[in-house]
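Some notes on the structure that comes next.
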There are 2 protein chains.
Amino acid sequence: MKILIADDDPQMLRALRITLGARGYDVVTAADGRAALDAAIESHPDVVVLDLGMPGLTGIEVIEAIRGWSQVPVLVVSGRSESWDKVEALDAGADDYVTKPFSADELLARIRALSRRTPAPADEPTVSFGDVTVDLSSHVVTRDGASVRLTPTEWRILEVLLRHRDKLVTRETLLTEVWGPQYTTDTGYLRLYLSQLRKKLEPEPSAPRYLLTEAGMGYRFTTA
Amino acid sequence: MKILIADDDPQMLRALRITLGARGYDVVTAADGRAALDAAIESHPDVVVLDLGMPGLTGIEVIEAIRGWSQVPVLVVSGRSESWDKVEALDAGADDYVTKPFSADELLARIRALSRRTPAPADEPTVSFGDVTVDLSSHVVTRDGASVRLTPTEWRILEVLLRHRDKLVTRETLLTEVWGPQYTTDTGYLRLYLSQLRKKLEPEPSAPRYLLTEAGMGYRFTTA
DNA sequence: CGGTGACCGTTCGGATTTCGTTAGGACGAG
DNA sequence: CTCGTCCTAACGAAATCCGAACGGTCACCG
C-alpha cells in the first residue's frame with residue numbers, strides 16, 4: 001500500500017513518514033503542489049494525503065489535476081477549519097478533509113476507511129505519462145483532462161509502442177503490425193505518424209520525452 | 001438519491017430533513033438504533049447518516065449490522081470528538097465521521113463526496129443524457145417527458161452503445177451484436193441507423209453530443 | 001575544415017476512404 | 001391494400017492517408 005504525502009512543512013512530512021512507515025505503508029513525499037502532481041503521476045499511490053496550504057499550485061488545483069486522470073482517494077489535511085474550505089475541497093474531488101491538529105490514529109483510521117472503499121483496480125489497462133493517460137480497453141486518450149482524438153493509424157502505432165513499453169520496436173515490426181505483413185520497409189509514412197503522435201501527446205514535440213527515436217533502429221516508448 | 005437519517009434528537013432530525021430535502025434528496029428518518037436498521041433494510045438508502053448516541057443499540061453495533069449485508073456509505077455524526085471514538089467507528093465500517101456541531105454545508109459536501117465514491121450498481125436500469133431517459137429494462141425511451149418510438153434495430157444498437165458507455169465500440173462489434181456473428185462488414189446500414197438514432201435522440205443531430213463517431217474505428221456513447 | 005550522404009522530422013496537398021443523409025424499393029404483418 | 005421496418009443505392013462532405021519535397025542533424029571522410 002503506497003501513500004503519497006504532500007506537505008510543505010518538513011516536520012509534518014517527517015512525522016507522517018515515520019508514523020505511516022511504522023504501519024507498513026510505503027511512503028512517498030512531496031513538498032509543493034507541482035512536486036505532488038509529479039509524484040502522483042510517477043509513483044501511482046494508493047492514497048494521497050494532501051496539505052492545502054502549499055506554495056505553488058493551490059491545493060484545489062492539485063486535486064482537480066489529479067482527478068483529471070485518476071480516481072485515487074485524496075485525503076485533505078488543512079489548518080483551515082471553515083466549512084467553506086471543506087466544501088470547496090470536497091467538491092473539487094477530495095474524499096475526506098481533516099483539520100490540523102489531528103491525531104495520527106484518526107488519520108490512519110480515515111486512510112483505512114478510504115482504501116477500503118477503493119477495491120484494488122482489477123487490472124490496469126491504462127497507461128499514464130506526463131499529463132496524458134491512455135486507456136487501452138476503451139480507446140480513450142486524455143491530455144490534461146481533455147480528450148485527444150487519434151486517427152486509426154495513429155492509434156494502432158501507439159498501441160504497438162505501448163505494448164512493448166520501454167523496449168525497442170524496430171521499424172519493421174511497427175510496419176508489419178500496423179500495415180500488414182507485406183509492408184516491411186518505410187517509405188516515409190512511419191515518420192509522418194510518429195510526428196503527428198508527438199504533436200498530440202508530447203509536451204514538447206521537438207524534444208520528445210516518451211516517444212523516442214533510436215537512430216537506425218526504430219522507436220521506443222518509455223515513461224522514465 | 002435517498003438518504004437515511006438516524007438521530008434520537010427530534011430537532012436535529014427535523015433540521016436535517018429540511019436541509020436535505022431542500023437539496024432534492026429523498027429523506028427517510030429513524031429515531032433509534034433498531035429503527036435505523038429496519039429502515040436501512042426497508043428503504044435501501046443511497047447514504048446513511050448515523051448518530052452514534054442513540055438509545056437501544058450502540059452506533060457501532062448498527063454500523064456492523066449494516067456492514068453485514070450492505071456496502072452503503074455510512075456517515076457518522078457524533079458529539080464525541082475523541083480520536084478513539086472516531087477510530088472505532090471508522091474501523092467498524094463507517095466511511096466518514098463528523099463531530100457536532102457541524103455546518104450543513106459541510107455535511108452536504110461530505111455526502112456528495114461519499115456518493116461519488118459509491119460504485120455504480122452493476123446493472124443500471126436507466127440511463128439519462130440531455131433531456132433523454134432510457135430505461136434498459138422496460139425498453140422505454142423518453143425525451144422531454146414524451147416517449148420516443150424506436151424500431152427494434154434502433155433499440156438494439158442503442159442498447160449495445162449504452163452497455164459500453166464511454167468505450168469505443170468497433171463497427172464490427174456493433175454488427176455482430178446486432179445482426180449476428182456472420183455480419184462483419186458494414187454495407188451502409190449501420191450509418192443509416194446511427195443517423196436515425198441521432199435524429200431521434202440528439203438535440204442537434206448534425207453536431208452529435210452523445211452518439212459520437214470515431215472515424216475509421218466505430219462509435220462511442222458518452223454523457224460527458 | 002568543408003563536403004557528402006544517410007537519416008530523421010516536418011509541411012503541403014491531392015488521392016482515397018469513410019461518413020451522413022436522402023430517396024426509394026422489398027418484404028411481411030395486420 | 002396499407003403501414004412500418006429493413007435495406008440498397010447514390011452523392012456531397014468530411015476525415016484520413018500517403019507521396020513528394022524541403023530542412024536539419026550527425027557521422028564520416030577527403
Side-chain angles (χ1 to χ4, degrees), chain A residues 139 141 147-161 168-180 182-221, chain B residues 139 141 147-161 168-180 182-221:
Chain A
H139 282 227
V141 179
S147 90
V148 176
R149 185 158 171 53
L150 296 187
T151 71
T153 306
E154 287 164 2
W155 174 261
R156 264 177 267 144
I157 292 176
L158 182 63
E159 204 176 17
V160 173
L161 288 175
L168 173 74
V169 182
T170 67
R171 219 168 278 285
E172 187 183 333
T173 303
L174 225 28
L175 283 165
T176 57
E177 294 249 5
V178 172
W179 278 273
Q182 61 272 37
Y183 293 81
T184 170
T185 56
D186 178 24
T187 65
Y189 36 88
L190 229 185
R191 298 177 305 184
L192 179 78
Y193 285 110
L194 257 296
S195 171
Q196 292 182 343
L197 271 178
R198 293 207 252 245
K199 229 186 302 184
K200 291 183 179 178
L201 303 181
E202 287 278 1
E204 282 183 48
S206 56
R209 242 182 95 186
Y210 309 106
L211 271 24
L212 308 181
T213 299
E214 304 274 330
M217 307 277 205
Y219 294 91
R220 179 199 307 275
F221 167 81
Chain B
H139 287 216
V141 180
S147 95
V148 176
R149 186 164 170 60
L150 296 187
T151 72
T153 306
E154 287 165 0
W155 171 260
R156 262 177 274 146
I157 292 175
L158 182 64
E159 194 180 22
V160 173
L161 287 174
L168 175 82
V169 183
T170 66
R171 210 167 292 282
E172 186 183 332
T173 302
L174 222 31
L175 284 165
T176 57
E177 295 251 358
V178 173
W179 278 274
Q182 62 272 33
Y183 293 82
T184 173
T185 56
D186 178 24
T187 65
Y189 36 88
L190 230 185
R191 299 178 305 190
L192 179 72
Y193 285 110
L194 257 295
S195 174
Q196 292 181 345
L197 271 177
R198 291 207 254 245
K199 234 185 297 185
K200 291 184 179 178
L201 303 181
E202 287 278 0
E204 282 184 49
S206 57
R209 245 183 91 186
Y210 308 106
L211 271 23
L212 308 180
T213 137
E214 306 268 328
M217 303 198 269
Y219 293 92
R220 180 201 308 278
F221 167 80

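A, B, ... follow the sequence lines: proteins, then strands. Residue 1 opens every chain.
- Side-chain polar atoms of B:Thr213 and B:Arg198 form no donor-acceptor pair below 3.5 angstrom.
- Nucleotide C:dT18 holds its P atom 17 Å from the CG atom of B:Leu174, rounded to whole Å.
- Here the shortest heavy-atom pairing between A:Asp186 and A:Arg191 reads OD2-CG, 3.9 Å.
- The 5' end of DNA chain D is approached more closely, in terms of each residue's nearest nucleotide, by B:Glu154 than by the other of B:Ala215 and B:Glu154.
- When rounded to the nearest whole Å, the span between CG of A:Leu190 and P of C:dC7 equals 15 Å.
- The CG-P distance, from A:Leu212 to C:dG9, rounds to 10 Å in whole Å.
- When rounded to the nearest whole Å, the span between CD of B:Gln196 and P of C:dT22 equals 10 Å.
- The 5' end of DNA chain D is approached more closely, in terms of each residue's nearest nucleotide, by B:Leu192 than by the other of A:Leu192 and B:Leu192.
- Dashed line: the shortest gap from a side-chain N or O of B:Trp179 to OP1 or OP2 of D:dC7 is under 4.0 Å.
- For D:dA9, the OP1/OP2 oxygens have no side-chain nitrogen or oxygen of B:Tyr189 closer than 4.0 Å.
- In this model, the phosphate group of C:dG20 is approached by a side-chain N or O of B:Tyr219 to a distance below 4.0 Å at OP1 or OP2.
- Residue A:Thr151 places no side-chain N or O under 4.0 Å from the OP1 or OP2 atom of D:dT16.
- Enclosure of atom CZ in B:Arg209 is not indicated, since only 12 or fewer non-hydrogen atoms of other residues, nucleotides or ligands lie within 6.0 angstrom.
- Nucleotide D:dA14 holds its P atom 14 Å from the CZ atom of A:Arg149, rounded to whole Å.
- Within 4.0 Å (heavy atoms only), B:Leu194 reaches no atom of the nucleic acid at all.
- Of the side-chain N and O atoms in A:Arg171, one or more sit less than 4.0 angstrom from OP1 or OP2 of C:dC8.
- Residue B:Ser195 places no side-chain N or O under 4.0 Å from the OP1 or OP2 atom of C:dC19.
- At least one side-chain nitrogen or oxygen of A:Lys199 sits closer than 4.0 Å to the OP1 or OP2 atom of C:dT11.
- Side-chain nitrogen and oxygen atoms of B:Arg191 include none within less than 4.0 Å of the OP1 or OP2 phosphate oxygen of C:dT18.
- A straight line from CG of B:Leu150 to C1' of D:dT5 spans 13 Å, rounded to a whole angstrom.
- Pairing each heavy atom of B:Thr185 with each of B:Leu175, the nearest pair is C-CD1, 3.5 Å.
- In this model, the phosphate group of C:dG9 is approached by a side-chain N or O of A:Thr213 to a distance below 4.0 Å at OP1 or OP2.
- A straight line from CG of B:Leu197 to C1' of D:dC6 spans 14 Å, rounded to a whole angstrom.
- By the 4.5 Å heavy-atom criterion applied to side chains, B:Glu154 and B:Lys200 are counted as neighbours.
- The nearest heavy atom of DNA chain C to A:Gly216 and to B:Ser206 marks one nucleotide each, and the one closer to the 5' end goes with A:Gly216.
- Regarding B:Tyr183, its OH atom lies at a distance of 7 Å from the P atom of D:dC7, rounded to whole Å.
- Taking the six-membered ring where tryptophan is involved, the planes of A:Phe221 and A:Tyr210 are tilted, since the angle between them lies from 30° to 60°.
- Taking the side chain of B:Arg198 as heavy atoms from C-beta on, and the options C:dT22, C:dG20, D:dT16, the nearest nucleotide is C:dG20.
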